[in-house]
Amino acid sequence: MRIWRYIALLLFVGCLAGEAVAQNTISNLPRKETLIVENPEGTIKNAGWFNIWAINAGGQSTGLHQLGMDTFWYIDPQKGVDGVWDNSLASEKPIYNADFTEMTVKLRKGIFWSDGVEFSAADIVYTIQTHMKTNGLRWSAPVQVNVAEVSAPDDGTVVFKLKKPNSRFHALFTVRWNAMWMMPKHVFEKVADPLKFDFNPPVTLGAYTLNSFDPNGKWFIWQKRPDWQRTTVARFGEPGPKYVAYVDPGPPDKRVIAQLNHELDIIHDVSPEGMFTLAKQSKTSHGWFKGFPYAHPDPTLPAVVLNAQNDMFKSRDVRWALALLIDIKAVSMASYRGAATISAIGVPPTGSAPEVYHAPLESWLQAFEIDTGKRKIKPYDPTIGKQIADSLRPSLGDQIPVSADDIAKSFGRGWWKPNPQAAAELLERGGFAKKGDKWFMPDGKPFAIKLMVEGEGRPVMTRAGSMIAQQWRQFGIDASTVVAQGSMIDRRQAGDFEAMITWSVETWGGHPDLSFFLDSWHSQFVAQPGKPQPPRNWQRWSNPALDKIIEQVRQTGFDDPKGLDLNREYVKLVVQEMPTIPLMSYNVFTVMDDTYWTGYPNAAAAPYTDPVPNWANTKYMMVKLKPKP
């Protein structure tokens with residue numbers, strides 16, 4: 001049964017369900033007015049949970065944070081509709097005092113909630129104070145650590161007094177993928193416990209409201225507000241789609257079939273093979289790039305994230321040993337079929353990072369040494385990116401660049417040379433022992449690692465994880481992959497993993513500052529074992545030297561060049577300590593179909609935002625999309 005008919009059938013059943021689905025459910029959406037988008041979260045367990053501030057197995061990428069939420073500022077990973085920085089709920093950039101202990105926000109006027117109540121400073125004060133007094137909300141930790149007092153001198157002004165200097169405090173309210181969203185005071189102040197309130201249906205600040213949803217979590221449909229002019233995107237024009245449906249279209253092959261049938265306008269991510277199939281068979285399908293490598297390079301850094309609260313990974317020697325067992329060339333071919341951009345350092349090789357971090361630190365990496373206890377080695381091989389390119393050239397010919405600079409942009413620079421002997425020496429120094437062909441830990445138990453992957457929901461990263469586990473097994477580690485499809489986000493936040501393929505490094509993209517993720521790595525935010533970890537230090541690693549760097553960054557202006565020097569010190573520290581094993585940038589094979597809609601972003605002619613539809617920046621795409629004539 002085709003996806004569109006399937007949605008219509010579910011909508012009809014939803015009408016009969018009554019309480020389980022939002023009111024005003026429709027059973028026959030007009031196709032030419034509806035944008036159909038893949039929700040990469042798949043099927044949502046707790047479909048009726050729209051309280052994005054409290055975590056309870058609800059969805060974020062269901063359209064909730066893309067179309068329903070809003071906050072002060074957005075930084076686009078690309079060029080932006082009107083520049084990289086956008087003042088959204090705020091009318092201007094953050095205003096700090098001289099020592100960065102106070103931040104003032106001026107609010108945009110004329111913005112209304114979807115139920116007709118005007119947005120004001122009172123909503124901001126309520127949001128912050130609720131997080132200050134409530135443990136366990138999504139942003140409780142960063143608010144409680146930073147904010148001493150919040151006040152509203154008038155309806156259009158909010159003043160934050162901070163406990164310590166923090167020149168990056170505005171990052172908490174600046175969307176790169178998401179940010180801290182504002183709560184409707186007039187709704188939540190009537191609730192006894194904000195942690196238990198489902199917020200169903202949600203009252204929104206964005207240009208869309210919830211129309212209906214599948215109680216089984218397969219789809220969510222949003223409808224353009226009649227008063228979209230009273231939202232922040234109205235400055236850029238009217239959103240094109242009247243309806244936006246976020247669906248779980250199934251595994252990669254079904255996504256490809258759905259788009260070939262023009263029943264899925266945007267595939268969030270598909271396998272490289274799926275992209276190649278669509279490029280060959282569908283004249284209306286295209287990626288971010290017109291041709292190879294097609295994919296959009298997100299400013300994220302997939303890595304082997306090691307749970308630092310697990311005894312196995314508390315030693316730097318163990319972490320480095322695992323890194324030296326990885327053949328990144330094999331991982332690149334297994335995951336992206338070679339269309340990967342590798343990175344040996346803790347910064348994704350995208351946006352401004354190659355010029356600001358990778359190139360300047362190349363000589364330092366080549367001179368870097370590790371003492372295994374028996375000898376010193378230089379683990380960095382600057383030619384690995386070139387080796388990957390050379391291996392692809394016989395089959396792809398002129399599509400593969402030849403100059404060193406172009407190869408570095410497409411495939412990355414160097415990485416760590418596989419060195420099983422050095423890995424063994426590092427483990428032996430820590431008391432590990434090899435008996436027969438198997439490794440055992442100091443306590444005598446088998447050295448076993450469960451590497452969590454996302455499964456069919458993220459096939460490229462799943463294949464990378466499978467290859468890495470295989471390489472560890474070949475060395476004698478009892479390594480296996482654990483599939484966490486549909487539960488990856490919850491398990492990551494709960495620390496319910498030993499190791500996983502994910503990312504805890506996410507940068508602004510075009511702006512070289514690293515505060516988007518770096519501040520969250522401070523030891524202040526590391527949760528106790530068993531407790532929810534605030535974004536984004538999923539490895540739960542802390543280090544006094546890192547804390548010192550972060551604290552210095554907090555006292556340096558956002559655009560101050562001194563911040564870049566401090567960021568480079570972070571890069572050197574994580575090379576030395578290897579809290580995560582960086583792999584590559586996340587190249588997303590987002591595929592867009594022009595059959596019903598035009599105006600999608602693309603690298604060549606319209607790089608106004610990235611095309612990946614689970615980003616909150618998607619709201620800017622809506623104002624660019626127009627029905628196909």
**Item:** Passing candidate, side-chain contact (heavy atoms from CB on, under 4.5 Å) with Ile128, options Asn146, Asp123, Val147
**Value:**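 Of the listed residues Asn146, Asp123, Val147, the side-chain contact (heavy atoms from CB on, under 4.5 Å) partner of Ile128 is Val147.
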To the nearest 0.5 Å, how far apart are [atom1] in [X] and [atom2] in [Y]?
{"X": "Ile550", "Y": "Ser523", "atom1": "CD1", "atom2": "OG", "answer": "8.0 Å"}
{"X": "Ser504", "Y": "Asn537", "atom1": "OG", "atom2": "CG", "answer": "6.5 Å"}
{"X": "Arg176", "Y": "Phe516", "atom1": "CZ", "atom2": "CZ", "answer": "5.0 Å"}
{"X": "Leu566", "Y": "Glu569", "atom1": "CG", "atom2": "CD", "answer": "7.5 Å"}

Using 30° and 60° as the class limits, which term best fits the ring planes of [X] and [Y]: parallel, tilted or perpendicular?
{"X": "Trp139", "Y": "His131", "answer": "tilted"}
{"X": "Phe589", "Y": "Tyr336", "answer": "tilted"}
{"X": "Phe173", "Y": "Phe72", "answer": "tilted"}
{"X": "Trp416", "Y": "Tyr380", "answer": "perpendicular"}

**Asked** If you count the non-hydrogen atoms of other residues, nucleotides and ligands that lie under 6.0 Å from CD in Glu355, is the total more than 12?
**Response**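 More than 12 within 6.0 Å, yes.
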**Prompt:** If you count the non-hydrogen atoms of other residues, nucleotides and ligands that lie under 6.0 Å from NZ in Lys314, is the total more than 12?
**Reply:**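 Enclosed.
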May I ask you to check whether [Y] and [X] place their ring centres under 6.0 Å from each other?
{"X": "His65", "Y": "Trp177", "result": "yes"}
{"X": "Tyr608", "Y": "Tyr600", "result": "no"}
{"X": "Tyr586", "Y": "Trp503", "result": "yes"}
{"X": "Phe558", "Y": "His170", "result": "yes"}
{"X": "Phe497", "Y": "Trp538", "result": "no"}
{"X": "Trp53", "Y": "Phe188", "result": "yes"}

Contact summary for [X] and [Y], nearest pair of heavy atoms:
{"X": "Gln144", "Y": "Thr134", "value": "NE2-O, 3.3 Å"}
{"X": "Thr609", "Y": "Pro601", "value": "O-CB, 3.0 Å"}
{"X": "Val575", "Y": "Trp320", "value": "O-NE1, 3.1 Å"}

**Prompt:** Run the salt bridge (charged side-chain N to carboxylate O under 4.0 Å, His left out) check on Arg316 and Glu577 step by step: do they pass?
**Reply:** CA-CA 6 Å; Arg316 173 176 59 184; Glu577 294 291 331; 3.2 Å; yes
Can you tell me if [X] and [Y] form a side-chain donor-acceptor pair at under 3.5 Å?
{"X": "Ser520", "Y": "Arg536", "answer": "no"}
{"X": "Trp521", "Y": "Asp519", "answer": "no"}
{"X": "Ser167", "Y": "Thr556", "answer": "no"}
{"X": "Lys619", "Y": "Ser88", "answer": "yes"}

**Residue pair Asn178, Gln60: steps toward the side chain to side chain contact (heavy atoms under 4.5 Å, CB included) verdict** = CA-CA 9 Å; Asn178 74 346; Gln60 293 185 67; 3.6 Å; yes
**Request:** Report yes if some heavy atom in the side chain of Tyr96 is under 4.5 Å from a heavy atom in the side chain of Thr101; otherwise report no.
**Result:**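 With C-beta onward as the side chain, the pair stays apart.
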**Prompt:** Just wondering, do Tyr570 and Leu518 contact through their side chains at under 4.5 Å, heavy atoms?
**Reply:**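 Answer yes - side chains close enough.
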**Asked** Among Asp76, Asp82, Asp86, whose side-chain hydrogen bond (donor to acceptor under 3.5 Å, both in side chains) with Tyr620 holds?
**Response**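 The option that passes is Asp86.
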**Message:** Here's one to test your reading of the geometry: is the NZ or CZ of Lys93 within 45 degrees of the ring axis of Trp85 and under 6.0 Å from its centre?
**Reply:**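 The answer is yes; both the distance and angle limits are met.
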**Message:** Walk me through whether Asp565 and Lys562 qualify under salt bridge (charged side-chain N to carboxylate O under 4.0 Å, His left out).
**Reply:** CA-CA 5 Å; Asp565 293 333; Lys562 293 179 181 178; over 6 Å; no
